[in-house]
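This one's a predicted model, so the numbers in the text were calculated from it and none came from an experiment. So that the names make sense, note that chain A is the first sequence line, chain B the second, and so on, each numbered from 1.
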Protein chains: 2
Amino acid sequence: MATITDVSKRAGVSRSTVSRLIAGNGYVSDEARKAVEAAIQELGYRPNTMARGLRSNRSDIIGGVVVNVSSPFYAQMIGGMQETARSAGKSIIVASGYADREEEARAIIELLDRACDGLILYLENALRDDVLEIVARSKTPVVTVGGNECPPARARVTIDNASGAAAGMRLLLDKGHRQIAYLSGGTIYRDTHERLSGIDAALAGFGLSRNDIHVEHGSFSETFGHEATARLLIERPDITAIFAGDDDVAAGALLALKAAGKLVPEDVSLLGFDDNFHARHLTPGLTTVRQPVDEAGRVATRLLLAILDGEPVAPVITIPTELILRHSIGPVRGLSPTSRHVAPALTAS
Amino acid sequence: MATITDVSKRAGVSRSTVSRLIAGNGYVSDEARKAVEAAIQELGYRPNTMARGLRSNRSDIIGGVVVNVSSPFYAQMIGGMQETARSAGKSIIVASGYADREEEARAIIELLDRACDGLILYLENALRDDVLEIVARSKTPVVTVGGNECPPARARVTIDNASGAAAGMRLLLDKGHRQIAYLSGGTIYRDTHERLSGIDAALAGFGLSRNDIHVEHGSFSETFGHEATARLLIERPDITAIFAGDDDVAAGALLALKAAGKLVPEDVSLLGFDDNFHARHLTPGLTTVRQPVDEAGRVATRLLLAILDGEPVAPVITIPTELILRHSIGPVRGLSPTSRHVAPALTAS
DNA sequence: ACTCGACATGAGATCGATCCCACATATCAG
DNA sequence: CTGATATGTGGGATCGATCTCATGTCGAGT
């Protein structure tokens, strides 16, 4: 490969002049510019990233940690990050944290070793103290997305879980549902608490409180949705609507409902969260609260780029959710929600 | 950050000794080893990737190009790549080629600029000549996955489209289907041709040829599946089975079938390809030919690592597909395939 | 006793860029 | 004419590692 010295020799100028031209700072005469540009063209010169990085201490690489690179949910976020980073001439290296504290620590260290200009973290655990120390010492700017808070972060992108959950719950209440189960993900997630507070708000608007619904904590998985729903169908046959912690939970719930011969939404209404890739492919199409995760990736990257440019940025940016209406929610069957009489059986449609 | 010089001073040895210890080559006395290890520990020393890369001309980064980073299909492949690369201490940078020749060229150049140790390419177009030249000149080893052939590649990982499609078609034929539609993706893809040849082989086994089925070319998209199926239901009401080019096409087909009030598999059987994330979430669960794309990512990365280690590798590795039996295929309704007598009506399950 | 090989270490060049600083010229105000 | 300012260029140190080569010690073999 041609080096900057080759170019400078060919163009009859010094390395400094070539460097100035490329960097676009400092003075370069028209004459020199033309000669250098021609030399670059002829030699097919491309600057050596390592040398540049070594000297200037920039890698033009942004590091990202997500829970799992293979998952469609995070893939979308990565897509958003990459798109934005590319327009600024930066690349992205992502690592998976597998929602495990040690793995997350390892991933961050790995990225730091790569001399990333900045980090975008979607973590599920608090950072290990020693890692926190290392991150701080490296002075690498950090932006976090979703998940839990993380001290060294200069900015934080959150998805508006509270309003999303509130909107979802309000929809169910509007449709007359009162016997509602909320199948929550784990309580270790900040998301969970935010959503619960949104749910509380929605309930309060109807003169109700969290005690008036059935809340169950499990994990964000299809298995939990399936098991919890199967159990509920026995223990709480009066329930008319299930609000799932995410679309995976909803998919599990749907399976259990179908297995029990229940019709959705005629017998039980079902509401998801996320708008995962497969939400629209379920039957019936899942009504769900969309988390615009690709947008979150874009915003986080934009924030990080701004920080790298030394611009001031808002410490928290909240991205609104959107209620996606499909076909898994219907009006409560039978009697009006206030009186508590037994409803007549509905015929299947 | 501490540098190698800091470590060497603290340990009372030369930089060379520290370097030898880290690289694990050359002689280092036990005494020196202990001193250096202690110094590294105390200072929290981590080698500077850039400096190392500049000198040794290795980045420990593997570059990947896939069609679209956001898509669940490629996300799985990236997951496989990453897993394997990590165990060898390498990271992955991926770029999207968007199945566009210029974008693919851009992505490759970008990765080459990053001094990737090797490239894993999943391209949909032939490489631009100038890019091919640049890749060759850089001497970066290349492994390709799926898609079309690519000259500079030292090894190629293919998914056994032919046997996969043959197995799928054989399943339909075994179930007595003879009025079959194959809704193919575009003819520009090598995949398409390989699958068609597998289909031919399966048909030949039943004394049939491609002329005996209905083949339609479109794109690998839900839209195509939907439109083509809607059309077929009118033009070819005799068709009893649809073999979709991939699961997206199948999802579209399923929508069209349901919209027309057809039952799957009672009225029409449906077969997909890929085993996408949502295949099992369709109703009925989609029977499909699984492409182990995560495995392809792992194998490609292993091959590349072997090449980087100077080991000889097989030029082509073919990964077998797997028929995933779910619930979208049933026996042909009506007449039995050999004799043309009336079969007893089937009850829906 | 001396030679050879294994073990052990350090000095210094090198990778390819960036960037500070010194220097040169031209222009213009006072 | 002098000094200040804008424009333009090149020399050389520098980033932090790697790696070759020179040098040195020690013990075994002859």
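Between the P atom of D:dT14 and the CG atom of B:N48 lies a distance of 17 Å, rounded to the nearest Å. Distance CE (B:M50) to C1' (D:dT18): 17 Å, rounded to an integer number of Å. Atom CD1 of B:I22 and atom P of D:dT18 are 6 Å apart (whole Å). Between B:L21 atom CG and D:dC19 atom C1' the separation is 16 Å, expressed in whole Å. A:R15 places its CZ atom 13 Å from the C1' atom of D:dT9, with the value rounded to the nearest Å. Between the CD atom of A:E31 and the P atom of D:dT7 there is a distance of 18 Å, given to the nearest Å. Rounded to whole Å, the distance from NZ on A:K34 to C1' on D:dG8 is 16 Å.
A donor and an acceptor atom sit less than 3.5 Å apart, one in the side chain of A:S16 and one in the base of D:dG11. Scanning atom types as modelled, no donor and acceptor separated by under 3.5 angstrom connect the side chain of A:R33 and the base of D:dG8.
Comparing B:A51 and A:R52 against DNA chain C, the residue whose closest nucleotide sits nearer the 5' end is B:A51. Where A:R20 and B:N25 each meet DNA chain D at their nearest nucleotide, the meeting point lying more 5' is that of A:R20.
Of all nucleotides in DNA chain C having an atom under 4.0 Å from a heavy atom of chain A, the first and last in 5' to 3' order are C:dG16 to C:dC19.
Side chain of A:R55, nearest nucleotide from D:dG11, D:dT14, D:dA17: D:dT14.
Within a 6.0 Å radius of CG in B:D100, other residues, nucleotides and ligands contribute more than 12 heavy atoms. More than 12 non-hydrogen atoms from other residues, nucleotides or ligands lie less than 6.0 angstrom from CG of B:D130. When the shell of 6.0 Å around CD of B:E311 is examined, it contains more than 12 heavy atoms from other residues, nucleotides or ligands.
Contact annotation: the side chain of B:T318 never approaches that of B:I159 to less than 4.5 Å [non-hydrogen atoms, C-beta and beyond]. Between B:I61 and B:I92 there is no side-chain heavy-atom pair separated by less than 4.5 Å.
The pair B:R101-B:E124 does not count as a salt bridge, with every side-chain nitrogen at least 4.0 angstrom from each carboxylate oxygen. Using a cut-off of 4.0 Å between Lys/Arg side-chain N and Asp/Glu carboxylate O, A:D294 and A:R298 are scored as salt-bridged. A salt bridge links B:E102 with B:R128; the closest basic N to acidic carboxylate O contact falls under 4.0 Å. No salt bridge links B:R114 with B:E110; every basic N to acidic carboxylate O contact stays at or beyond 4.0 Å.
Interatomic distance, CD of A:E37 versus CD1 of A:I22, reported as 10.0 Å (0.5 Å rounding).
Note on the helix from C:dA1-D:dT30 to C:dG30-D:dC1: angle between the axes of the first and last five pairs equals 50°, rounded to 10 degrees.
Using a 4.0 Å heavy-atom cutoff across all strands shown, A:A32 reaches sugar-phosphate atoms only and no base atom.
Phosphate contact (OP1/OP2 of D:dA17, side-chain N/O of B:S19, threshold under 4.0 Å): absent. An OP1 or OP2 oxygen of D:dT7 is reached within less than 4.0 angstrom by a side-chain nitrogen or oxygen of A:Y27.
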